[in-house]
J.: 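Shown below is the structure under consideration.
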Amino acid sequence: MSDSAATNTSTAQAAAPTFDQFGLSADILKAVRESGYTTPTPIQAQAIPVVLAGRDVMGAAQTGTGKTASFSLPIIQRLLPNANTSASPARHPVRALMLTPTRELADQVAANVQTYSKHTPLRSTVVFGGVDMNPQSDALRRGVEILIATPGRLLDHVQQKTVNLGQVQMLVLDEADRMLDMGFLPDLQRILNLLPKERQTLLFSATFSPEIKKLAATYLRNPQTIEVARSNSTNANVRQIVYEVHESDKSGAVAQIIRERELKQVIVFCNSKIGASRLARVLEKDGIVATAIHGDRSQSERMQALDAFKRGEIEALVATDVAARGLDIAELPAVINFDLPFNAEDYVHRIGRTGRAGASGDALSLCSANERKQLADIEKLIKRPLDVEPLEVTTRARRDGSSGSAPRRDERFGRPERGEHRHASRDESGSRRRTTGTHDRPRGRQQPVDEFFLKPYEPSPSAMKRQEETVEPERKSAPKQPLAALLGGLGMPRKSS
DNA sequence: AAAAAAC
C-alpha cells in the first residue's frame, strides 16, 4: 500500500502497515491476529486491496511471501456479505475455487483458508487425488463456499456430480506455471469452461512465461499485475553454497553435512523418486532419521511423512520436487540439494523452503561433474555466481576402495587463472569458511580427478548480461504436451483423454 | 533427463 491510511496510530512507526487498513471484517482480523500476523507482507499489501476491489490479478509471487493469505483473506471478505448460516447445502454453493498443482499444496492452502475463516459462517473443504473420494463427496454434499482442489480430482467430482461449479464467483490459479508444466492445461480448460464467465480470476505464477501470458489473456479480464521481488533467490537470509563432490560420494556427503552442521531438520532434494528412496535408506542406515516423500509413495505415506517431519520426528525429509513448491515448514534451518534440479526454476523453489519469514537458512547443494550445466543455468537464473567449495567426503568408504591420496585442491580445481575469479572461496590464501570435510582426518579415498574439476568453470558472460534483458528465465523444459498448440487452440474443441 | 496429477 502506498497510501498512508494509518493516520492516528499511537505507535510512532511511520509507515508500518497493518492488516486493519484493508477494511477486513473483525472476524477475519481476529483470525489473522490469532495466527500471529501483524504486518502484511508486500504481496499482501498490494494484492488485498486489488482483490477486494473485485479486479482480476496476475500475481508474480512465490510461496513464502505470504501469497496464500494475500488471496484468501480478501476472498473470504468478499464472500462474507452473503455468508449463509443455514444448514441447507443448497445455501452453500461453491463460490470460490482455488486450484493448486500438488496435493500437499492444496491441503496446505485449505488449512490456511480454514484458519482465516474459522470465525465466519463460511465453509470450506479440499479435494485431491490419492485418497478416498467418499469423505470428499460427503463434505461437498453438505455444501461449501470455498473449495480447494487439484484439477484431476476436481473433474472427477464434477463427473460424479458431487460438485457444481456453476456459481463460482472467484477463481484462484495457484502456481499456474507449475500447473502448465505438469500438463494440466486441458484439465484447466475443462474446469474453466464450467465456470461462469462473470467472475473474478486470480492467477499466481512464479514466472510470466509466454504460456502464462497467453493463459491470462484468454481467461483474465483486464488484470492488475502485481509483482513482488523474487524474495528467495536473492534472499540474503539464505546462504547458498555449492559443494563439488563426486557423484558416488553424495550420500556420504549428505550424512556428513547433517552431522557436522548438526542440522536438526533438513529437506534433501533428489531428482528422481528412486534416488530419494535410496538416499532415505542410506541415511537411515547411517543413523539419521529419514524418510522419503515422492509421487510413487501412497498419499497416506506422503502425508504421514510430512506430518512427522513437521512434528520434528524426522531429521531428514528426502524429497523429489513434489515438495519443492509451496510447502511451509516452520524454521527449517537448511535445505540440501542432493542433485541439482534440471529446471533452474526449481532450485529457487527448493531453497525457498528455508530462510523463511525472516529466519536465516542454508541452501547447500551437491554438484558433481555432470551437473555443471545445471549449475550454470541456476546462476543465470538467479543472476549471480554461487559460492563453490570443495567437499572432502570422509564418512563413507568409496566403493572401489582405492587408496590413492587425495589430490590437492589446486589439482582438483585447476589453477585460478581462467575465469576462476568468481569463486573467492577457492582461493588458497583466503580464510575459507570452515565447512564440512576439513577436519584433520586421514583421507585417501578421493577418486581420480574429474574433468569437471580440472577445467575451470567458464562463467558465461552472457549469463550475467542477459539479466537486464528480461526478468523472465528461459524455460528449458518443454512440457510433454504441445503446449503452444493447446494454447493456440484455447476455446477450440479439445481432445478428450 | 525427471517430476507432478484421476480412476
Side-chain angles (χ1 to χ4, degrees), chain A residues 63 98-109 126-137 140 148-163 173-191 194 205-206 247 267-279 292-299 301-303 305-306 317-327 337-350 353 367-378 475-481 483 486 496-497:
Chain A
T63 324
M98 305 174 179
L99 299 178
T100 71
T102 68
R103 299 163 180 174
E104 279 78 6
L105 196 48
D107 207 29
Q108 185 177 288
V109 170
V126 59
V127 302
F128 51 76
V131 295
D132 193 355
M133 271 191 91
N134 290 324
Q136 297 177 356
S137 302
L140 289 172
I148 301 94
T150 49
R153 178 55 69 92
L154 176 63
L155 284 170
D156 214 347
H157 279 290
V158 167
Q159 229 166 10
Q160 310 268 330
K161 302 215 188 302
T162 44
V163 67
L173 301 174
D174 198 10
E175 308 273 0
D177 53 337
R178 182 60 148 202
M179 287 202 271
L180 293 190
D181 283 348
M182 287 167 61
F184 271 141
L185 183 58
D187 283 351
L188 290 184
Q189 290 173 311
R190 216 162 296 164
I191 292 166
L194 297 167
S205 178
E247 186 65 40
I267 297 184
V268 187
F269 284 104
C270 298
N271 281 358
S272 75
K273 294 180 276 197
I274 290 175
S277 285
R278 196 178 293 150
L279 178 60
I293 181 168
H294 57 67
D296 273 355
R297 302 203 73 194
S298 74
Q299 194 56 35
E301 287 173 323
R302 279 164 62 164
M303 293 195 279
L306 196 55
L317 185 67
V318 188
T320 59
D321 282 321
V322 68
R325 296 206 184 197
L327 292 194
N337 286 309
F338 180 85
D339 301 306
L340 288 180
F342 295 118
N343 198 335
E345 190 72 35
D346 286 329
Y347 174 84
V348 177
H349 288 286
R350 288 179 178 186
R353 298 311 105 216
C367 180
S368 71
N370 49 12
E371 291 177 299
R372 55 187 300 185
K373 171 72 165 65
Q374 284 114 295
L375 179 59
D377 284 349
I378 289 164
R475 187 157 292 279
K476 276 292 186 290
S477 67
K480 277 188 270 306
Q481 316 187 21
L483 191 53
L486 282 165
S496 58
S497 60

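The analysis underlying the following values was restricted to heavy atoms, covering all of them including side chains, and did not include hydrogens, waters or symmetry mates. Reminder, nothing fancy here: chain letters follow the sequence lines and each chain counts from 1.
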J.: Would you mind telling me which of B:dA6, B:dA5, B:dA1 lies closest to the side-chain atoms of A:Phe342?
T.: B:dA1

J.: Of the listed nucleotides (B:dA6, B:dA5, B:dA1), which one gets closest to any side-chain atom of A:Thr102?
T.: B:dA5

J.: Please classify the nucleic acid contact of A:Gly275 as base, sugar-phosphate, or nothing, using heavy-atom distances under 4.0 Å.
T.: nothing

J.: Taking all non-hydrogen atoms of both residues, which atom of A:Asp321 and which atom of A:Arg178 are closest, and how far apart?
T.: O-NH2, 3.4 Å

J.: For A:Lys373, is there an ion pair with A:Asp377 - N to carboxylate O distance below 4.0 angstrom?
T.: yes

J.: Side-chain N or O of A:Thr150 versus OP1/OP2 of B:dA4: is the shortest distance under 4.0 Å?
T.: no

J.: What's the closest nucleotide to the side chain of A:Phe184 if the choices are B:dA3, B:dA5, B:dA1?
T.: B:dA5

J.: Nearest of B:dA6, B:dA1, B:dA4 to any side-chain atom of A:Gln159?
T.: B:dA6

J.: B:dA3 P sits how many Å from A:Arg297 CZ, rounded?
T.: 15 Å

J.: B:dA5, B:dA6, B:dA3: which one has an atom nearest the side-chain heavy atoms of A:Arg302?
T.: B:dA5

J.: In whole Å, I'd like the distance from the CG atom of A:Leu173 to the P atom of B:dA5.
T.: 18 Å

J.: Once you round it to whole Å, what is the distance between P of B:dA5 and CG of A:Asp177?
T.: 16 Å

J.: Provide, to the nearest angstrom, the distance between the CZ atom belonging to A:Arg103 and the P atom belonging to B:dA4.
T.: 9 Å

J.: Taking all non-hydrogen atoms of both residues, which atom of A:Ala106 and which atom of A:Ala149 are closest, and how far apart?
T.: CB-C, 4.4 Å

J.: Under 4.0 Å between any heavy atoms, over every strand shown, what does A:Arg178 touch: base, sugar-phosphate, or nothing? Just pick one.
T.: nothing

J.: Rounded to whole angstrom units, what separation is found between the CE atom of A:Met133 and the P atom of B:dA6?
T.: 10 Å

J.: Distance check needed: B:dA1 P versus A:Lys273 NZ, whole Å only.
T.: 16 Å

J.: How close or far is atom P of B:dA3 from atom CG of A:Asp346, stated in whole angstroms?
T.: 12 Å

J.: Any idea which heavy atoms bring A:His349 and A:Ala206 closest together, and the distance?
T.: NE2-CB, 3.6 Å

J.: Over how many whole Å does the gap from A:Ile274 atom CD1 to B:dA1 atom C1' extend?
T.: 13 Å

J.: If you look at every strand shown and take non-hydrogen atoms under 4.0 Å, does A:Asp321 touch a base, only sugar-phosphate, or nothing?
T.: nothing

J.: Quick check: closest heavy atoms across A:Cys270 and A:Ala276, and the distance to 0.1 Å?
T.: SG-CA, 3.8 Å

